Amino acid sequence: MAMKTFDRSTQVLIDRAEVLGIETGIHRLESQQPQCGFGQLGTCCRMCYMGPCRIDPFGEGATKGVCGATADTIVCRNLLREEVGGASSHVGHARHVVLAFKKMLEGKAPYSISDRNKLVEVASGLGIKFDGKSDKEIATEVADKALEDLSRQDGEPMNWLKLRAPKREFEMWGNLGLLVSNAHNEIEEAMHRTSMGNDADPINLLLSCLRIGLVDGYAGLSMATDFQDIMFGTPQVRTVEVNLGVLEKDKVNIALHGHSPVLSEKILEWASKLEDEAKKTGAQGINVVGVCCTGNELTMRRGVPMAGHNLQSEIILLTGAVDAMIVDMQCIWPSVTKIAECFHTKIVTTEPFVKIPGATHVSFEPEHADEEAKKIVRMAIDAFKERKGEDVVIPKEKSVAFVGFSVEAILDVLKKIDSSDPLKPVIDNIVSGNIYGAVGFVGCPSIKLRDTAMTEKMAKELLKNNVLIVTTGCTAHICAQAELMDSTATDKYCGEGLKAVLHALGKAAGLDVPLPPVWHMGSCVDNARIATLLGALANRLGVKISQLPVAGSAPELVQEKAISIGTWFLALGLLVHIAPSPRILGSPVATKVLTQDLEGITGGRAYVELDPEKAAAGILAHIAQKRKALGI
Ligand code: NFS
Ligand code: SF4
């Protein structure tokens, strides 16, 4: 019997997998059932070799580990380690971009500054003096300020925290002793703290979670986004094509998967330069498509089609039409090489710390970016030659999405309505209720929830109630595939108030259609853009972010990265809806603090709900309460 799956385009390929006897994540999930209850509750500890210890949440078995650690201690330590995994990924990503940027400035890597305005904005925010300095000198100081956040030992708050944190929240974190100074030290200390025989105090551990949330938000997401914008340009609104139907049978299809635009921008450049070489092999050209967050980066800046989200990263290979999938870092399933083996598809890994058995490894160094990108594109062209005669199955599903809603792009549209006070029209509409509130949809597609259409159902329910949605990450792929990012969605799904606002904005933007009701703000590191927008709104109103009628949601949690981003949002004072539950329910203390007590500290609160209608209702109730408190 065919496996149940999430959508039509994917179903076609799951069916193909079953005919061909190829295993996918859906099949492996089923064979993992039932998954371990201790693991789900977070009460399993492997921090030392007297264990592994497991605490029975019902009090019938062991209530303490061999060393005496309680469920509260174990759960909070495990949670902090998840955060470290997430923050390490984002800080690693940011460092990787900053180092490429430095090499560019030293004339050693073939990249350039694309957005001088952003450079000036960041440099002045960092307090760098311009007097007569060249752009290169200013940029070098900016890069050094970033690297200082990974090395300083003087206890001063991180430069990027001072640069990007909203005023009132910065003050609040200062009062709570959370102004982190050095991302690497924080990560080290969190690992140290959670190793056997150190921190056993659940509250102290949870405070450390907030610290790592700030590390992630500022030395990870914000830093990466700033440097990527300076190097590759700040996104502008445009329309693109999405879903698996963007593959083209007669072209060399290159799927770019992972996270860093340092690699993918170069591949894209060389794909266009080598178009003629591809044509000589009989192909009609080269078709570069994006998967996961690399897809988001490329689509926001270059209009590259968004082929699929994380759950489709192995599915897309089942088309037999992908000639090469090039990956860099994060969210890459090791299974891709196994599936690729069944076709002519080449999987190319590029990072020394991300190798997969069965893949071809081309070490991608910014210094040799041109040669390596050229080599990789040629590998795809060669693979295309091998494809001749093979059957390909490309699902026909394809839709259109508006993308590129950077804060700058949003403000550009708003300035056309009120050039001196661009946020005023938004605030007026929030006050009038035309915009009842706003929700950020972030994170991944969950293989456990995808067939419930969790994200789409929640989104539609919120739009009906005039809640504007912004989105990033793989959730953006889901919304785009559900046609929620097309202008037609506005009349189809929005309440009257929101509809009117989006029509007016479309007109202001010079379009003859409304803006869509779900705004694509980028990849997961671009959650920094959401925080910037919220900070600007709160600042304009003279309130804290926690007072705004807004919320965050990771409707289909998968990655540790979503945990660390979510914690940053909690520190910013947001209600953060999550499904499935993070692994905290085995600890009464962690559960109570994160879902209740934290609200009295940062204003943020975690909210777990797996039913889409109930989750939307919970968020609406939260927005109603915030509106009431503001007297609107
Ligand atoms: Ni975000 Fe992007 Fe996707 Fe989830 Fe992975 S690609 S960084 S973690 S799976 S949204
Ligand atoms: Fe067990 Fe304690 Fe060792 Fe964890 S640290 S495995 S609870 S003995």
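Each ligand, and each atom within it, is numbered from 1 in the order the structure gives. Because the structure is a prediction, the values reported are computed rather than measured. By convention here, the first residue in the shown sequence is residue 1.
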Greater than 12 external heavy atoms within 6.0 Å of R54's CZ: no
Heavy-atom gap R77 to ligand 2 smaller than 4.0 Å: yes
Crowding at NZ, K338 (>12 non-hydrogen neighbours, <6.0 Å): no
W519/F441 aromatic ring centres below 6.0 Å: no
Check ion pair D216-K561 (N to O, under 4.0 angstrom): no
Among T234, D526, T532, side chain to side chain donor-acceptor pair (under 3.5 Å) partner for T225: D526
Short side-chain donor-acceptor distance under 3.5 Å, T350 and D328: no
Within 45° cone and under 6.0 Å: K266 NZ/CZ vs F364 ring: no
Donor + acceptor pair across side chains of T455, E556 (<3.5 Å): yes
Sphere of radius 2.8 Å around atom 1 (Ni) of ligand 1 - protein N, O or S atoms inside: C524 SG
Number of protein N/O/S atoms that sit closer than 2.8 Å to atom 3 (Fe) of ligand 2: 1
Side-chain donor-acceptor contact under 3.5 Å, T472 with N527: yes
E397 and Q481: side chain donor to acceptor below 3.5 Å: no
